[in-house]
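Here's the structure we're looking at; comments come further down.
First the proteins, then the strands, lettered A, B, ... as listed; each starts at 1.
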Amino acid sequence: MAGFWLCKTEPDVYSIDDLKRDRVTGWEGVRNYQARNFMRDGMQPGDRVLVYHSNAEPTGVAGVAEVVGAAKPDPTQFDAKSEYHDPASKRDEPRWLMRDLRFAERFARVVTLEELRAAPALRAMVALQKGNRLSVTPVTKAEFDAVLRLAKSVPG
DNA sequence: GCCAACGTTGGC
DNA sequence: GCCAACGTTGGC
């Protein structure tokens with residue numbers, strides 16, 4: 001049984017178009033333990049991921065990716081030049097793990113945060129709850145399907 | 001750029 | 001183990 005997730009990214013840093021170009025990318029830079037645990041323990045190869053653009057115009061879900069392979073150490077934690085460098089993390093005991101994500105689909109339009117909030121089917125979606133700042137959150141199949149329907153619908 | 005709502009850190 | 005200070009996220 002495949003799982004479903006939502007991963008946030010700032011499109012100025014890495015957008016759905018970048019993922020489309022790269023085809024596969026390591027989802028690096030996650031530095032929150034709960035989000036890490038979702039990637040390490042929750043995600044399975046083949047799981048579908050809503051790619052969400054934050055700090056953007058507009059904010060919202062821009063497309064879909066797919067989890068590829070097993071969790072592996074995020075290389076940026078060992079890179080002193082990286083903004084994600086974590087000097088406390090040891091190579092034989094890496095603190096931060098990531099997954100590879102493969103491009104699946106770029107929506108014809110971004111499903112905006114406003115639309116997500118207005119959809120009754122998404123009322124309980126974790127990523128939409130007040131105060132939620134997690135960059136990786138679980139999504140139910142019903143929620144995932146509802147977002148896909150919105151993406152294929154005409155706005156308004 | 002502002003700021004609310006978080007999570008993390010570190011002194012005690 | 002508490003909690004204040006600090007840093008970060010992310011909508012606006």
Side-chain angles (χ1 to χ4, degrees), chain A residues 3-22 25-43 47-65 67 71-101 103-140 143-144 146-151 153-156:
Chain A
F4 301 91
W5 306 91
L6 181 145
C7 288
K8 297 178 186 173
T9 182
E10 299 193 24
D12 289 351
V13 179
Y14 198 86
S15 72
I16 189 76
D17 291 316
D18 293 321
L19 181 58
K20 184 175 184 180
R21 178 199 63 213
D22 295 343
T25 194
W27 205 256
E28 60 192 32
V30 173
R31 292 295 179 272
N32 172 283
Y33 289 103
Q34 216 179 329
R36 178 204 67 183
N37 293 346
F38 282 139
M39 286 202 300
R40 182 187 63 189
D41 308 327
M43 282 184 179
D47 284 2
R48 308 275 282 169
V49 178
L50 298 171
V51 177
Y52 179 92
H53 283 177
S54 63
N55 277 321
E57 186 51 54
T59 62
V61 179
V64 177
V67 175
K72 57 186 183 182
D74 180 340
T76 62
Q77 68 195 305
F78 304 121
D79 179 359
K81 295 196 184 76
S82 170
E83 63 173 310
Y84 302 121
H85 181 226
D86 183 352
S89 185
K90 304 190 184 81
R91 281 190 183 275
D92 55 353
E93 203 180 332
R95 179 179 292 181
W96 304 111
L97 301 176
M98 66 177 193
R99 295 272 179 166
D100 282 342
L101 297 188
F103 174 81
E105 178 180 0
R106 180 191 189 281
F107 292 160
R109 64 186 191 84
V110 172
V111 179
T112 66
L113 179 58
E114 185 182 8
E115 286 179 84
L116 298 173
R117 289 203 190 285
L122 302 178
R123 201 163 288 157
M125 191 156 103
V126 175
L128 298 182
Q129 301 312 301
K130 180 178 168 62
N132 189 294
R133 299 184 315 170
L134 277 182
S135 60
V136 180
T137 51
V139 173
T140 67
E143 289 164 351
F144 185 86
V147 173
L148 285 197
R149 276 198 302 276
L150 284 171
S153 72
V154 179

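The side chain to side chain donor-acceptor pair (under 3.5 Å) pairs that include a residue from residues 50-62 of chain A are A:E10-A:N55, where partners are two or more places apart or lie in different chains. Applying the salt bridge (charged side-chain N to carboxylate O under 4.0 Å, His left out) definition to pairs two or more places apart or across chains, those involving residues 103-112 of chain A are A:D17-A:R106, A:E105-A:K152, A:R109-A:E115. Judged as a salt bridge (charged side-chain N to carboxylate O under 4.0 Å, His left out), the pairs with a partner in residues 79-93 of chain A (not counting sequence neighbours) are, in order, A:D86-A:R95.
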Report summary line: With B for base contact, S for sugar-phosphate-only contact and - for none (protein heavy atoms under 4.0 Å), nucleotides 4-12 of chain C reads ---BBBBBS
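Taking A:A124 as the reference, A:E143 meet the side-chain contact (heavy atoms from CB on, under 4.5 Å) condition, with sequence neighbours excluded. A search for side-chain contact (heavy atoms from CB on, under 4.5 Å) contacts involving A:A151 returns A:F107, A:V111, not counting sequence neighbours.
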